[in-house]
Protein chains: 2
Amino acid sequence: MTDATRSSFTALSEQECRDLLGTTTVGRVAFVNDEGQQLLPVNFAVRGHDIYFRTTADSVLAELGEGHDDVAFGADFHDDTYQRGWNVTVVGSSDRVDDPALISELLATARPRPWAPGERDVIIVIHERRIGGRRVRQH
Amino acid sequence: MTDATRSSFTALSEQECRDLLGTTTVGRVAFVNDEGQQLLPVNFAVRGHDIYFRTTADSVLAELGEGHDDVAFGADFHDDTYQRGWNVTVVGSSDRVDDPALISELLATARPRPWAPGERDVIIVIHERRIGGRRVRQH
C-alpha cells in the first residue's frame, strides 16, 4: 500500500512487533491521569507480551503501579535519512512488579546497560491487550 | 542531575525544545477518544509554537480536526549507541487547518520530502500550551 507521500507501509504481525521492540530500548508511555493526558519517555524492556520500565517512586509514571486499564506504549525507529523505519504500539493495562526474581532479572539484563537499583524505584509492567505496527519505506 | 542508571539529564528551555523539534520529522500524538487511549506516529512540522501533521480524512487522527483540548505530542532522538539523546513533549489543543496559504506552505516545505497533497487529506495543528524536554547522556 502506498500513499501520496510515496511511502509504502507494511503491516507487521504481532510477533514481528514484539521482535522489533526487542531491538530498541526507548519508548513513550501515554495515559490519562487527574492532570490530563500524559506522554512520557521511558527506557523499557520487553518480555513476551509484557513491557517493563523502571521509574522513581515520586514520578507521574509511578501512578501506573496502582493499576491503570488503558495505557498505550509506542516505540519507533527511523534511520538518519528517513528512508526506512518502523513503529509499534501496544495498548494494555499497567501494574506494579513485586516479584523479586523478575525484578532481579530485569535489573541484571535490561539494555543498554543494567538498570542500577534505586531504593525508591518502582518497576511497572504493561500487559499487552493489543499490539500492532508498520514498516515504512520512503520512495 | 544524575540517576542510578548513571545518566545525566539536562532540562531544556522552551526555545531549545522548539529548536530540537525542528531537527526531526517523526513524532507521536497521544489523546483519548471514545475508543480509549490513542498513540499514533506522525510525520510532523513545527512552526513557532505549533505542531502540524497531515492525515487522511478517515483516520483516527482526523478526529483531532474537530477540536480536542488535551493532546500530547512527543518527539525523541537517541543515537545508535544510546549514549546521548533528547526528548521533547508538547501538550495543547488541536484543530483543523483551513488557511489555504498555510496549507500550501506546509505542503511545499515539510521535510523529509514535501507532503504530496491528497484530496481527502486533513492538516491538523496542535497549539502548544506547555512544552518541555530533556537532554540525556549516559555515562
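A, B, ... follow the sequence lines: proteins, then strands. Residue 1 opens every chain.
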(message) Check this for me: B/R130, atom CZ, are more than 12 non-hydrogen atoms of other residues, nucleotides or ligands nearer than 6.0 Å?
(response)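 Not more than 12 within 6.0 Å, no.
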
(request) Identify whether B/V32 and B/F73 are in the same connected component of the hydrophobic contact network (ILVMFWY, side-chain heavy atoms under 4.5 Å). (result)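 Each belongs to a different hydrophobic cluster.
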
(request) Answer with yes or no whether the hydrophobic clustering places B/V46 together with B/V91; edges join I, L, V, M, F, W, Y residues whose side-chain heavy atoms lie under 4.5 Å apart. (result)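 Unlinked, B/V46 and B/V91 end up in two clusters.
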
(request) Check step by step if side chain to side chain contact (heavy atoms under 4.5 Å, CB included) holds for B/L39 and A/L39. (result) CA-CA 9 Å; B/L39 178 59; A/L39 177 59; 3.8 Å; yes

(message) Quick check: closest heavy atoms across A/G36 and B/D70, and the distance to 0.1 Å?
(response)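 Minimum heavy-atom separation between A/G36 and B/D70: CA-OD2, 3.3 Å.
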
(message) I'd like to know which of B/T56, B/L40, B/N87 tops the heavy-atom pair count under 4.5 Å against chain A.
(response)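 So the answer, after comparing B/T56, B/L40, B/N87, is B/N87.
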
(request) Go through the steps for A/V71 and B/Q37 under the test side chain to side chain contact (heavy atoms under 4.5 Å, CB included), then give the verdict. (result) CA-CA 7 Å; A/V71 181; B/Q37 180 66 63; over 6 Å; no

(request) Can you measure from OG1 (A/T89) to CZ (B/R28) and round to the nearest 0.5 angstrom? (result)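 Here the rounded value is 3.5 Å.
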
(request) Rounded to the nearest 0.5 Å, what's the gap from NE2 on A/H78 to OG1 on B/T24? Could you check? (result)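 Here the interatomic distance stands at 4.0 Å.
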
(request) Side chain from CB out, backbone as N, CA, C, O: work out which of these in A/V88 comes under 4.5 Å of a heavy atom of chain B, or both, or neither. (result)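 Backbone only.
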
